[in-house]
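Sharing a structure with you now.
Note that ligands are numbered from 1 as they come in the structure, with each ligand's atoms numbered from 1 the same way. The structure presented is a predicted model; accordingly, all values stated were derived computationally and were not measured.
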Amino acid sequence: MPSNIGVVCFPTVGGSGILATELGVALAKRGHRVHFVCTGMPTRLEPGLDNIFFHGVEAKDYPVFPSAPYALALASRLVEVVQYEQLDIVHVHYAIPHATSAYLAKAILGNGRPKILLTLHGTDVTLVGSDPSYLAITRFSILQSDFVTVPSESLRDQTYNKLSIPPEFPIEVVPNFVDMDRFRPAAVIDRSHLAALFYRCPKVVTDIYGDATVLIHVSNFRPVKRIADVLDIFRRVASVRNAVLVLVGDGPDRSRAEAFARQHDLWHRVAFLGKQEHVGSWLTLADIFLFPSENESFGLAALEAQSTGLPVVGSDAGGIREVVEDSVTGFLHSVGDTAAMAQSVIDLIDDKNRRHQMGLAARSRVNERFRLDGLVTRYERIIEDLAAGH
Ligand code: GMT
């Protein structure tokens, strides 16, 4: 039986919105009707797909409000959409304010519908949710949801511990997934797009067509991603090996990162691409993925890199070790240990065969554990059970 599913997510920022969109699209392709209820079109939403509907949320401001009340606007919009589109279930991504708004909508409707499926993603528990100013509402919103999932065992443990969720309250681990057909190694690598990025320095262009190793990092440039560490790893590597660094994404720490690159005379070897629609095609041009985050519930960006056959060098933080198998699909070190991370990169540069083997192991691990089909089916079962009232 196809379900009528509402999806609430942040449409433009980060992994939770990407995961929500990819899942929504996959469910729509399986015949479910998927209604995105968001402030804008989700970034990865392909236009023109059947079974996908979009309902905008506009948080209207008013001079007496300190800021536009998004949570209330969303709750109010959800009431309309659930009622008029007959939604069975609302899948909310990120605890606050999304699960809170869904709870309010359900209370307003007063008939036990819709069922609320909440997927926690990371900072909604580790940073925002465990901050004393939001802890009570986060905890309450989680406990009021009908079913809760997290992408890793690490985040499940942190949710119980940091938010004092009673052990008998079930939280299921459903890992992030990746479309391995979209994120795959390229049959033929044409570095001309890459070379074009480094137009400022003909020597670097020559290196790129020669044997320069391409390091890549993809993120939303927030402090938790430790962009300064990405650059420090690169600084150490570039001082002894022929390498370039490609940075995909944008966010609050980008200017500081650009300043660091200029100060350390790395500017001509580092390309800042900003937000990119086709991240996968940049990954195919790279050799090693850098991922030194402070904390990471899972690390969708590292998963997409591994699917593309890239070894990952990064930090052993949060759920990263559930995605990257240390010494098999990459190398993990303590947070902030940029010297050790740089040494691992150098080892991979010097041992091309090992690098190749790690890339193969990375893709094969993704194939075993994180394929789109199997994990979308896990979500589909949860949704169908909830819709059936189980
Ligand atoms: O928690 C966040 O920072 C938000 C979220 C996002 O929108 O970027 O990222 C998290 O969700 C992803 C999808 O589940 C995970 O793969 C990321 O590891 C996670 N980020 C963090 O935990 C920092």
- Considering only heavy atoms of Asn220, which atoms of ligand 1 have at least one such atom less than 4.0 Å away?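 The atoms of ligand 1 under 4.0 Å from a heavy atom of Asn220 are 8 (O).
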- Item | Atom CZ of Phe54 with >12 non-hydrogen neighbours under 6.0 angstrom |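 Atom CZ in Phe54 is packed in, count exceeds 12.
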- Message: At under 4.0 Å between heavy atoms, is it the side chain or the backbone of Thr126 that contacts ligand 1, or both, or neither?
- Response: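 No part of Thr126 comes within reach of ligand 1.
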- Message: Polar contacts were defined as any N/O atom of the residue lying under 3.5 Å from an N/O atom of the ligand; does this apply to Gly15 and ligand 1?
- Response: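 It does: an N or O of Gly15 is found under 3.5 Å from an N or O of ligand 1.
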- Message: If we set the cut-off at 4.0 Å for heavy atoms, which region of Thr123 has an atom near ligand 1: side chain, backbone, both, or neither?
- Response: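 The answer is both, backbone and side chain.
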- Query: Between Asp124 and ligand 1, is there a nitrogen or oxygen pair with a distance under 3.5 Å?
  - Reply: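 The answer is no, given that Asp124 and ligand 1 share no N or O pair closer than 3.5 Å.
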- Message: Parallel, tilted or perpendicular, judged at 30° and 60°: which one describes the rings of Phe370 and Phe298?
- Response: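 Answer is perpendicular, since the angle exceeds 60°.
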- Task: Give the ring-plane orientation class for Phe10 versus Tyr70, where under 30° counts as parallel, over 60° as perpendicular and anything between as tilted.
- Result: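 The arrangement is tilted - the two ring planes meet at 30° to 60°.
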- Message: Could you check, using the six-membered ring where one of them is a Trp, whether Tyr160 and Phe169 have ring centers closer than 6.0 angstrom?
- Response: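 Between Phe169 and Tyr160, which both carry aromatic rings, the centre distance is not below 6.0 Å.
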- Contacting atoms of ligand 1, where contact means under 4.0 angstrom from a heavy atom of Leu300: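 Listed by number with element, the hits are 16 (O).
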- Message: Over 60° means perpendicular and under 30° means parallel, so tell me whether Phe289 and Phe291 are parallel, tilted or perpendicular.
- Response: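 Tilted.
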- Query: Do the rings of His91 and Tyr379 sit parallel, tilted or perpendicular, given the 30° and 60° boundaries?
  - Reply: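 Ring orientation, 0 to 90° scale: tilted.
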- Task: For Asn295, counting its heavy atoms only, list the atoms of ligand 1 lying under 4.0 Å from any of them.
- Result: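 By the 4.0 Å cutoff, the relevant atoms are 23 (C).
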- Query: Relative to atom 18 (O) of ligand 1, which among Glu296, Glu294, Glu304 owns the nearest non-hydrogen atom?
  - Reply: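 Of the listed residues, Glu296 has the closest heavy atom.
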- Would you mind running through ligand 1 and noting each atom that sits below 4.0 Å from a heavy atom of Gly122?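 Selected atoms, number and element: 1 (O), 22 (O).
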- Item | Those atoms of ligand 1 less than 4.0 Å from some heavy atom in Gly299 |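 Selected atoms, number and element: 15 (C), 16 (O), 17 (C), 18 (O).
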- Task: Find all atoms of ligand 1 within a distance of less than 4.0 Å from any non-hydrogen atom belonging to Ser297, and give their numbers and elements.
- Result: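 What qualifies from ligand 1 is 15 (C), 17 (C), 18 (O), 19 (C), 21 (C), 22 (O).
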- Message: For Thr377 and Arg30, which I'm curious about, is there any donor-acceptor pair between the side chains at under 3.5 Å?
- Response: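 Note: Thr377 and Arg30 side chains meet the donor-acceptor criterion.
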- So, is Val224 polar-close to ligand 1, with some N/O to N/O distance under 3.5 Å?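 The answer is no, given that Val224 and ligand 1 share no N or O pair closer than 3.5 Å.
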- Query: Quick one: does Arg222 get an N or O within less than 3.5 Å of an N or O on ligand 1?
  - Reply: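 Arg222 vs ligand 1: N/O contact under 3.5 Å present.
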- Determine whether the side chain, the backbone, both or neither of Tyr94 has a heavy atom under 4.0 Å from any heavy atom of ligand 1.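 Looking at Tyr94 and ligand 1, just side chain atoms fall under 4.0 Å.
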- Task: Evaluate whether atom CZ of Arg262 has more than 12 neighbouring non-hydrogen atoms of other residues, nucleotides or ligands under 6.0 angstrom away.
- Result: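 Yes, CZ of Arg262 has more than 12 neighbouring heavy atoms, counting only those of other groups under 6.0 Å.
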- Query: Counting heavy atoms not belonging to Arg200, are there more than 12 under 6.0 Å from its CZ?
  - Reply: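 Result for CZ/Arg200: enclosed.
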